[in-house]
Number of protein chains: 4
Amino acid sequence: MPEEDRRFIRATNAEAREIKRRALMKAALASFVERGYDRTTVSAVTKAAGESVGTFYLYFENKLQVYRSLYREALEMLRRHLEEAMRKPHPTVTGEVRALALSYLEFSREKRDYYLILSSQHLGQQDFINDGFLKDRLDTEALALLKMIDRILRRGIDGGEFRRHDTWKTTMIFWGMMDGLLLLNERSNLALSNSGLEDLVLYSVDLCLRGISIS
Amino acid sequence: MPEEDRRFIRATNAEAREIKRRALMKAALASFVERGYDRTTVSAVTKAAGESVGTFYLYFENKLQVYRSLYREALEMLRRHLEEAMRKPHPTVTGEVRALALSYLEFSREKRDYYLILSSQHLGQQDFINDGFLKDRLDTEALALLKMIDRILRRGIDGGEFRRHDTWKTTMIFWGMMDGLLLLNERSNLALSNSGLEDLVLYSVDLCLRGISIS
Amino acid sequence: MPEEDRRFIRATNAEAREIKRRALMKAALASFVERGYDRTTVSAVTKAAGESVGTFYLYFENKLQVYRSLYREALEMLRRHLEEAMRKPHPTVTGEVRALALSYLEFSREKRDYYLILSSQHLGQQDFINDGFLKDRLDTEALALLKMIDRILRRGIDGGEFRRHDTWKTTMIFWGMMDGLLLLNERSNLALSNSGLEDLVLYSVDLCLRGISIS
Amino acid sequence: MPEEDRRFIRATNAEAREIKRRALMKAALASFVERGYDRTTVSAVTKAAGESVGTFYLYFENKLQVYRSLYREALEMLRRHLEEAMRKPHPTVTGEVRALALSYLEFSREKRDYYLILSSQHLGQQDFINDGFLKDRLDTEALALLKMIDRILRRGIDGGEFRRHDTWKTTMIFWGMMDGLLLLNERSNLALSNSGLEDLVLYSVDLCLRGISIS
DNA sequence: CATGAATGAGTATTCATTCAT
DNA sequence: AATGAATGAATACTCATTCAT
């Protein structure tokens, strides 16, 4: 049978299955981000992925499970992205914090959809979407991130770069500030140019760091 | 039909109409915040408000319009709340900024539902929810708020409290930071105690102000 | 607006509502009997009843509930039908039993659909269809019917018509026999003419009664 | 593909084929009886039989055909079971009829699933399930069974055990009665103990026979 | 003005059957 | 022969909105 007569590709091995799964998740992600959970229809997702409805249910238990898979994945990606940035050596702790901030900014741009899934999380009050598992996961990951920042700040104190202070508070402020700025940028038409946002982020970091810096 | 058979009150004057309208909006707000827009049903809202479905459509064009009305209202309330805080005289500009921050915090607690409507706005990328009108309004109000902060900062410079710097950037950072902290508090189980949050907010303000303060 | 432009009738009072409800139940009954529970679609039922799908759910919680309602109703109708037959005075107990048998036969003909709903009950092993409530109801009603027969037989003994024997056993045999004959008639193409079945039923009653009659 | 990678057994000869076929039918029977025709899924049947979906369609045209095969088989089994009982010599015709009744009872217990398939047949008004072929078959077999009983009764008359009467009617009554009692037992919670049912069956036979016996 | 019955398009999910491997 | 991935039609149920009363 000529290749072009084929209506669909049979995923017979693990790899092929994974490709289809990814295609479906990708389409789902795009829709969740563009239209939100409830307005995302399974049928539209499959159409976008070039699969049939039935196929969707071959790969996912139901609509909610894809959402959760995506959420978990986003969380994981963010963690990896930030860890990556931390791996490089930095002469000063100040530089390290700046790098972390830029890395988050980068993530929000390079993996915009994943970032949006994560940031829409307060939509997550809607507890139908967040079972205990996801909540725990979220807390664990978020906590890990915050602790990472906290450790950096402590190092700054130990190294004499920062004055002695409540690092945990500063950590939360850093994180909240970053989130807040990205959100502000995201939602408002006041939206800044790319370089503008980068500028702003660095400026904010400097502002805060100055507040805790020695001399 | 004899008067005593009527189960409902006929709103013949503006005041009575307004009461019904408020009841419906209140019920809608509660549901939007608890269940989200899509999972809020008109029928449930009217039931909660003790009105009939038909009545709903007498007072609102459709479901979306109530949402928009609530959003506008929330925006307006926030503006008034902050303006109120600004009306009192403050010996130092630093104190004024602190008061502003605390006022926002207060709003997020006293008018929690309205605050949540505003903060879920990034859900609002979903453009079905944001027509041009709402977007303009949002921008106008948000801009007004930001400008208010900017003015305060400029006054701080003029009065010699702050060093000369890009106040607009600082403004955005202030706003983003506040939003970010409230969000962080809202979404995470790490949630702080009441006094803890207040503390954190003041701490963050101080941190930033120290960054722009003279001496 | 001229009468013929009306798309539907608004059931505003209890009576009108009842009429619609009946129409839906009737259509559902016909379909359940003809096609079985699973192959009965709500949409087909509503179409047959001249109503819309939504209307169906205005009158019934779901498909299963209509089925249960019909089942309950059928049970109730059968009981009333047989009681009616028993109300008339009968010179002999033998005559009374014959009348009862004929009454059941009559029911199976006059209310064929209801009879079929009842008789398909062993389909009811499928416990999804029979909740505790229905089962209890069924047992109660069935027991009442059987007891009714038992009482008659006892009266026959007391009156000297029948010899002393285990009336409960005979009762079960009577009932089983009737059911069995109607079923045999229903399912086989051997099907008897109307008068043939009547004949057979009376013959079977006589046969059994002779077995317990004195002399 | 190397031999050892094969997870399945290739049925290359008639015997191996028959084994697979039986496994599928057995699983199907269990499901039909437990869940009913419509709620039986091909996929569940194959899973239970340890075969793949595709294999199912290798052995059966479709779902309906298995059902029909099972039905035919059940009919055949019942006939053989009863014939078996008739093969033994019986001193009296009365004893023979009793033996026949007990044999049917035995069948309903030993081959419960097959018995249930047969007895749910009035579900079979649903003509999707009964094509002409099955109907004819049913009639032929049923008729054969009935004729067998009829012959016994005639022999009873000829032998002077029973009085002269319409044996065909009695035959139908016998059959209906048996079916009715088993059904009554099956569906009601009033359900009798094992010995109770046996008792009842024999009692019913005696009752009827007394009605046609010569003094 | 107020009501709530009626509508029917819309959506998640299932499952018999096919067919490339 | 055997497999099981893929298909998509089918179906129960929901809900925003209308409009006769």
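In the text below, chain A, chain B and the rest are named by the order of the sequence lines, each starting its count at 1. The analysis underlying the following values was restricted to heavy atoms, covering all of them including side chains, and did not include hydrogens, waters or symmetry mates.
For C:Thr41, counting side-chain heavy atoms from C-beta on, the closest listed nucleotide (F:dA12, E:dT14, E:dA16) is F:dA12. Comparing F:dA2, E:dA5, E:dT13 by their nearest atom to the side chain of C:Arg10 picks out E:dA5. Distances were taken from every side-chain heavy atom of D:Lys63 (C-beta onward) to each of E:dT17, F:dT3, F:dT11; the shortest belongs to E:dT17. For D:Arg17, taking side-chain heavy atoms from C-beta onward, the closest of the listed nucleotides F:dA1, E:dT17, F:dA12 is F:dA1. Side-chain proximity of C:Tyr57 to the nucleotides E:dA6, F:dT17, F:dT14 is greatest for F:dT14.
Here the side chains of D:Val33 and D:Ile117 are in contact, with some heavy-atom distance below 4.5 Å. Side-chain contact between C:Val42 and C:Tyr57 is present, with at least one heavy-atom pair separated by less than 4.5 Å.
Looking at which nucleotide of DNA chain F each of D:Lys20 and A:Glu51 is closest to, the 5′-most match is held by D:Lys20. Between C:Thr40 and D:Leu58, the residue whose closest nucleotide on DNA chain F is further toward the 5' end is D:Leu58.
Without hydrogens or angle criteria, C:Lys63 side chain to C:Tyr37 main chain gives a donor-acceptor distance under 3.5 Å.
Distance CG (A:Asn13) to C1' (F:dA5): 12 Å, rounded to an integer number of Å. Whole-Å rounding puts the D:Glu61 CD to E:dT18 P distance at 9 Å. A straight line from CG of C:Asn62 to P of F:dT11 spans 17 Å, rounded to a whole angstrom. D:Gln65 places its CD atom 10 Å from the P atom of E:dT17, with the value rounded to the nearest Å. When the C1' atom of E:dC1 is taken as reference, atom CG of B:Leu24 falls 14 Å away, rounded to whole Å. Taking atom CZ of A:Arg35 as the reference point, atom P of E:dT11 lies 11 Å away to the nearest angstrom. We find that CZ of D:Phe56 is positioned 12 Å from P of E:dT18, with the value rounded to whole Å.
Within 4.0 Å of A:Phe60, counting heavy atoms only, lies no atom of the nucleic acid at all. Using a 4.0 Å heavy-atom cutoff across all strands shown, C:Val42 reaches sugar-phosphate atoms only and no base atom.
Using the Watson-Crick or G-U wobble rule with both distances under 3.5 Å, E:dT21 pairs with F:dA2.
The side chain of D:Ser52 contributes no N or O atom lying less than 4.0 Å from OP1 or OP2 of F:dA2.
A:Ser52 and A:Thr55 are linked by a side-chain donor-acceptor pair at a separation below 3.5 angstrom, with hydrogens and angles left out of the test.
Between C:Phe60 and C:Phe56, the ring-plane angle classifies as tilted under the 30° and 60° cut-offs.
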